[in-house]
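Letters go in sequence order (proteins before strands), and every chain restarts at 1.
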Amino acid sequence: MTEVRVRFAPSPTGFLHIGGVRTALFNWLFARRERGKFILRIEDTDQSRSTEESIQAILEGLRWVGLDWDEGPFRQTARMDLYRQHAMKLFEQRQAYWCVCSAEELEARRKEAQAKGLQQKYDGRCRERGITNPSSEAALRFKAPQEGQTVIDDLIKGRVVFENNLLDDLIILRSNGYPTYNFSVVVDDALMGITHVIRGDDHLTNTPRQIPMFQALAFAVPRFGHLSMIMGSDKTRLSKRHGATSILAYRDMGYLPEAVVNYLVRLGWSHGDQEIFSRRELIEKFSFEHVQKSSAVFNPEKMVWVNAEYIKSNDPKRVATLLQPFLEQAGLGAEANAMPEGWLEQLVVALRERCKTLVEMATMAAPYVQRDIVIEEDAAKKHLTPDITPALSRFADRVAALAEFSHAALEKAFMEVLDEHGLRMGQLAQPVRVTLTGRTASPGLFEVMELLGRERTLARLRTGIERAKAARP
RNA sequence: GUCCCCAUCGUCUAGUCUGGCCUAGGACGCCGGCCUUUCAAGCCGGCAACACGGGUUCGAAUCCCGUUGGGGACACCA
């Protein structure tokens, strides 16, 4: 058994998006499962569109979702000699020829063919010219086979057959000396020993063009697997229109990387009815047999749900760590940092069932982190009324006198006050909640008090009592 | 236009290869209820799909053909 070697080969012409991450993920899972190698290759042969910034964003995005690569990142621009060398080999073998048709001419002919409804294919006029001393504007074309068929035994799609007479003589070396995509992939995939090419569906029709090149160069042909595309809600290809484009935008929106991975892997792959998978399980269970052939629509609501699941079930310590930058951003950083060891985890536990993203959690955290709060007007009007002040005061006194400021002790005190004043839970709970948090919704009251500590609890109770007294009944 | 891929609830999907266990299961969302100190979470229930037409077969979501629909590719982009 030879070692499985797969690669992710993005072109750095933009940011790493959801679709790219999914492709990378499927490659990575397969590599990990097969104990093979995952290789990262940057396809930057398009000089005009590639940017260093994009490369950095791609690396950062992959790191964020935890897709670590074993080799690379290789950059095609650093491997130019290799492509030229192999291109010349094809020329010497007479499997490639110089073409002096200008880009403008080609474009014009293509347009004409299109208008006439003819096949848009290079007419091969330079094929038999036998140009050996090309001018500087010449490009090198691969002599594609015109007879027979090329058959792909695709890992996902199954058997796909293409007629060779439809194949174009592709340019492999541009007149500027740079290789084109279809040629550089072949050379790299072969030289890097790629055994399985797992890529987007949009490359399916490139495959019959590439296979003859592998063969002409006497390289072993890898196996191919073509993943369906991800679509937006309108069933068109996913793009900026459908929301955040860079994977890093999801980080900034408060998603956990493992949630994004979990959501993405389920977009096209399944394991029975299971929805949530640990990374370990994913590696164990992943297989191309259960990868869907059809395209999938990206559904933000479900991703939010997955994220909420992870927030709830993850180690609070980790969630607390991930929450930090969001607290900073919400202007709560300094105060949060001043809290005692373990406090933030406690906050996470109190809030995690109530929020779906870290951004939401940070927003919700304000009353617990801050020293002073603003009480919502409507909440005060409804719950902080003069008639509740006796019970409120009594409770404040009890809290002040408590030997131990704990959940159990607070609850006991609260119940006793309820008893003394003949109140039901809800009648006192809401006023206390509003007093303590300024809002009508919060975690359990006694958790809230523990989070606030005795000092802030008392201070807020007193403020609330004053406010209730002053209110018009 | 030519070639290629695809087709189960609104969405992600199980089931399709190896027809019968499918009066089609799960999940998200939506609606209703329960629980309850609020809001959530949780639990229970509901709505909701085999694109269409022909075959093959005792029997088809499952196999075959066609139609329709969707997507992709046809560059000196990747």
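A:His226 and A:Phe224 have parallel rings, their planes meeting at less than 30° on a 0 to 90° scale where 60° marks the start of perpendicular.
If you check B:A41 for Watson-Crick or wobble pairing at under 3.5 angstrom, you find it has no partner at all. Look at B:G20: its Watson-Crick or wobble partner, with both distances under 3.5 angstrom, is B:C58. Of all nucleotides present, only B:C6 satisfies the Watson-Crick or G-U wobble test against B:G69, with each distance under 3.5 Å.
Side-chain contact of A:Asp188 with A:Tyr83: a donor-acceptor pair under 3.5 Å is present, judged by distance alone.
Annotation: cation-pi pair A:Arg41/A:Phe8 absent, no NZ/CZ under 6.0 Å from the ring centroid and within 45° of its normal.
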Nucleotides 31-52 of chain B: protein proximity per nucleotide (B base, S sugar-phosphate only, - neither; heavy atom, under 4.0 Å): ------BBBBSS----------
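Nucleic acid contact for A:Arg199: none, since no nucleic acid atom lies under 4.0 Å from a heavy atom of the residue.
Spacing of P atoms, B:C21 relative to B:U62, comes out at 13 Å, to the nearest Å. Rounded to whole Å, the separation between the C1' atoms of B:C30 and B:A14 comes to 22 Å.
Residue pairs meeting the ring-ring contact (aromatic ring centres under 6.0 Å, His included) criterion with at least one member in residues 132-180 of chain A, sequence neighbours excluded, do not occur.
When rounded to the nearest whole Å, the span between CE of A:Met229 and P of B:C12 equals 15 Å.
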